[in-house]
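Below is one structure; the comments refer to it alone.
The sequence lines fix the lettering, A, B, ..., with proteins before strands; numbering per chain opens at 1.
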2 protein chains.
Amino acid sequence: MTETSAPVFDRVAIVGIGLIGSSLARALRQYGVARVVVCADRSEAACAKALDLGIVDEAMVDPGAAVRGADAVILCTPVGAYAAVAETIAPHLKPGAVISDVGSVKQAAVRDIGPVLPGGVHFVPAHPVAGTEHSGPEAGFAELFQGRWCIVTPPPGTDAAAVQRVTALWSGVGSRVEVMEPSRHDRILAITSHLPHLIAYTIVGTAADLEEETKSAVIQFSAGGFRDFTRIAASDPIMWRDIFLNNREAVLEILQRFTEDLTALQRAIRWGEGEVLEEHFTKTRAIRRGIIDARQA
Amino acid sequence: MTETSAPVFDRVAIVGIGLIGSSLARALRQYGVARVVVCADRSEAACAKALDLGIVDEAMVDPGAAVRGADAVILCTPVGAYAAVAETIAPHLKPGAVISDVGSVKQAAVRDIGPVLPGGVHFVPAHPVAGTEHSGPEAGFAELFQGRWCIVTPPPGTDAAAVQRVTALWSGVGSRVEVMEPSRHDRILAITSHLPHLIAYTIVGTAADLEEETKSAVIQFSAGGFRDFTRIAASDPIMWRDIFLNNREAVLEILQRFTEDLTALQRAIRWGEGEVLEEHFTKTRAIRRGIIDARQA
């Protein structure tokens, strides 16, 4: 995946140097996608850490200063901070710069960032479908995006050359890129990511409320399925709060379907309807086979 | 883990040669826990496969024939088959034999197996907390139980020497053994295993009912959390049907708590209550840390 050709961008500014931002910083330089990478983070400790790790050329608290002269600016903050960050950086953006982000909801990104930007810059939202349950600049690694999808969601009328450069950036760090409408992205991710996280957060919370003796046994014998949920439910709380608040309609819609289906299975358990359970459990195997065939397993 | 001392049992009969049964057959011989391992399975193809794989000394369809002369009999069928299998084998059991099982529910095992057995044999239910989403004799492997818990749940009055031998069997194949009451086991597993499986089956079923175009996108972009659920939801349908039917009370009780908690989060999303979400998502991280500290992650 190492690029020997010219970098896609000369100077990239990353705003928010957490798990995704710091992984991107590492990857941009390691794969030669950018020549200079600077970052802004409102945490001075995170800035110091990023410099200490040697993953950026410069780090500062002020995003307005960080984006000056940058050919590309990638927002890697929680989605809830987008509007404020966009307003702060808007006056300092270089004419012709490409603005992008890595957020897990895309209609809200278009809503919050698009209107604030000045004319003459190009806004191309994107979402690398990659991550771990760990947080902070030290949790990142350059290989995080390798072989993973990045979904690019340009609003209608976006400059084709800018879309092309964002696509080249993500291909350069090893991702497979797909372009789709923001609303379609949000519907699909509500199912593949947002609802699973909500469910995992819920079940782990239910366990956390158990009396102490049962809770310690649950931790001890967690290997039977629960452990996988706790990994998911250890993800960054602020990031996930903002995802649910900003993809409300799609999450509530799929959650309603899920609740209906769960109620049907609950009823089958209560009334001892074995054939209903068996039929349902057999159907779900087919989806797993689809994922294995799509080589996503 | 290789044992060089005398085997715990001379001759062991395994009834049901699927993932767990075939893993146990492999492990018993590989670690020298048993000298001779025979199996019964109602599927002739599974018997032929077990012989072909060389993991048992003898294989036959009739469980009554398989248990003749066995010092230990381990039921590895779905829980729903226990009553019928116990009745079939009862007249053929060797006096003094130890009868055990590997089922994920223990009160039902005591209920279905205990009363059918003749005097002079020892019933010691057990549950190795281990498994994969794959099924059948070819899916097993000898290392499956290494470092995993096995929960032994002897009913009151069980012969101490028999409990000791079952403990030695599971220690011999690499497990850590814990003894507890059947009802406590069922309550704990309802949370750590049964509810997570029910939830995973539900969410994957919800996705399976989506219109075709969305469904294929869900499969393509499954890496964001959904993929973990599909792995869990690919587990054996008959086995899981029987678990839910036989641990009904404990599953319905924890499911009720889960539903209340999910409804509270749903409400917070609908009304934009960010601080409720953040507080909940922060709480669940503590449980993950507990699991990491318990070295179960």
Side-chain angles (χ1 to χ4, degrees), chain A residues 129 148-149 188 191-193 195-199 201-208 217-230 232-234 237 240-241 244-245 248 251-252 255 257-258 261-262 265-266 269-270 272 274 277-278 280-285 287-288 290-291 294 296, chain B residues 129 148-149 188 191-193 195-199 201-208 217-230 232-234 237 240-241 244-245 248 251-252 255 257-258 261-262 265-266 269-270 272 274 277-278 280-285 287-288 290-291 294 296:
Chain A
V129 186
R148 309 302 293 271
W149 286 101
I188 292 168
I191 304 163
T192 60
S193 173
L195 180 59
H197 274 80
L198 186 68
I199 296 302
Y201 275 123
T202 304
I203 197 170
V204 176
T206 303
V218 165
I219 288 173
Q220 183 175 351
F221 302 109
S222 63
F226 183 72
R227 187 181 50 187
D228 294 337
F229 286 64
T230 66
I232 297 174
W240 280 99
R241 176 199 69 188
F244 292 117
L245 294 178
R248 177 156 55 184
V251 168
L252 290 177
L255 183 53
R257 291 190 189 209
F258 168 83
D261 294 345
L262 182 60
L265 289 180
Q266 180 171 359
I269 292 171
R270 191 178 298 282
L277 298 175
E278 185 183 340
H280 185 99
F281 299 167
T282 303
K283 179 174 79 175
T284 55
R285 280 196 151 177
I287 288 271
R288 177 68 183 173
I291 286 175
Q296 290 290 298
Chain B
V129 186
R148 311 301 293 271
W149 287 102
I188 292 167
I191 305 162
T192 59
S193 174
L195 181 58
H197 274 80
L198 187 67
I199 296 303
Y201 276 122
T202 304
I203 197 171
V204 176
T206 304
V218 165
I219 288 173
Q220 182 176 352
F221 302 109
S222 63
F226 183 71
R227 187 181 52 188
D228 295 335
F229 286 64
T230 65
I232 297 173
W240 280 98
R241 178 198 68 189
F244 292 117
L245 295 179
R248 179 158 52 184
V251 168
L252 291 178
L255 183 53
R257 291 191 190 209
F258 168 82
D261 295 344
L262 182 60
L265 289 180
Q266 179 172 0
I269 292 171
R270 192 178 298 281
L277 297 176
E278 185 182 340
H280 185 99
F281 299 167
T282 303
K283 181 174 75 173
T284 55
R285 278 197 153 178
I287 289 269
R288 177 67 183 174
I291 286 176
Q296 292 289 299

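Listed options Ala217(A), Gly290(A), Pro237(A), Gly225(A) were ranked by heavy-atom pairs under 4.5 angstrom with chain B; first place goes to Pro237(A). If you tally non-hydrogen atom pairs under 4.5 Å between each of Ile188(B), Ile203(B), Leu198(B) and chain A, the highest count goes to Ile203(B). In terms of heavy-atom pairs under 4.5 angstrom with chain A, the leader among Val251(B), Leu277(B), Leu262(B), Thr282(B) is Leu262(B). When each of Phe281(B), Phe244(B), Phe229(B) is checked for heavy-atom pairs under 4.5 Å with chain A, Phe281(B) comes out on top. When each of Arg257(B), Arg241(B), His197(B), Gln266(B) is scored by its heavy-atom pairs under 4.5 Å with chain A, the top score falls to Arg241(B).
Asp228(A) pairs by the salt bridge (Lys or Arg N to Asp or Glu O under 4.0 Å) definition with Arg231(B), not counting sequence neighbours. Under the rule for a salt bridge (Lys or Arg N to Asp or Glu O under 4.0 Å), Arg148(B) has no partner lying at least two apart in sequence or in another chain.
In this structure, chain A has a heavy atom under 4.5 Å from the side chain of Ile232(B), while its backbone stays farther away. For Ile199(B), the parts sitting under 4.5 Å from any heavy atom of chain A are the backbone and the side chain alike. Contact annotation for Leu195(A): both backbone and side-chain heavy atoms come within less than 4.5 Å of a heavy atom of chain B. In this structure, the portion of Leu265(A) lying under 4.5 Å from any heavy atom of chain B is its side chain and not its backbone.
Between Ser193(A) and Trp240(A) the shortest side-chain heavy-atom distance falls below 4.5 Å. Residues Ile219(B) and Thr230(B) fail the side-chain proximity criterion, which asks for heavy atoms closer than 4.5 Å.
In this structure a side-chain-to-backbone donor-acceptor pair under 3.5 Å is missing from Arg227(A) to Ser222(A).
Taking all atoms of both residues into account, the shortest heavy-atom contact from Thr284(B) to Gly205(A) is CG2-N, 3.6 Å. Pairing each heavy atom of Arg288(A) with each of Ala234(B), the nearest pair is CG-CB, 3.6 Å.
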